[in-house]
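The block underneath contains the structure these notes are about, expressed in structure tokens.
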Amino acid sequence: MKIGSPSFLDDARLRRLFDALDGNGEDLRVVGGAVRNHFMGRPVSEIDLATTALPETIIARAAACGLKS
């Protein structure tokens with residue numbers, strides 16, 4: 001069975017988070033139920049993210065991009 005790219009990755013809001021928080025040596029990844037549901041062919045109703053960045057880095061990047069906390 002071939003599993004394509006998850007359609008939820010096309011969401012503009014999620015792309016904005018990845019653009020703001022992924023990079024400069026840190027990774028932002030989709031984790032948990034969204035990944036499981038995608039591979040099981042189930043609907044994805046929420047998306048959990050994990051990052052290697054420290055909280056203060058995330059706060060600063062989010063603020064610089066105009067994201068609200």
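The closest donor-acceptor contact from the side chain of Arg61 to the backbone of Leu21 lies under 3.5 Å. Side-chain atoms of Arg16 come within 3.5 Å of backbone N or O of Cys65 as a donor-acceptor pair.
When the side chains of ILVMFWY residues are joined at heavy-atom separations under 4.5 Å, either directly or via intervening members, Ile59 and Phe18 end up in two distinct hydrophobic clusters.
Within 6.0 Å of atom CZ in Arg42, 12 or fewer heavy atoms from other residues, nucleotides or ligands are found, so the atom counts as exposed in its surroundings.
Considering only heavy atoms from C-beta on, Val30 stays 4.5 Å or farther from Asp48 through its side chain. Contact check for Leu49 versus Leu17: side-chain heavy atoms found under the 4.5 Å cut-off.
Remark: of the listed residues Thr57, Leu28, Asp22, Asp27, Asp27 is the sole one forming a side chain to side chain contact (heavy atoms under 4.5 Å, CB included) with Thr52.
The shortest heavy-atom contact between Pro43 and Asn37 is O-ND2, 3.0 Å. Closest non-hydrogen pair, Glu46 versus Ala34, comes out as O-CB, 3.6 Å.
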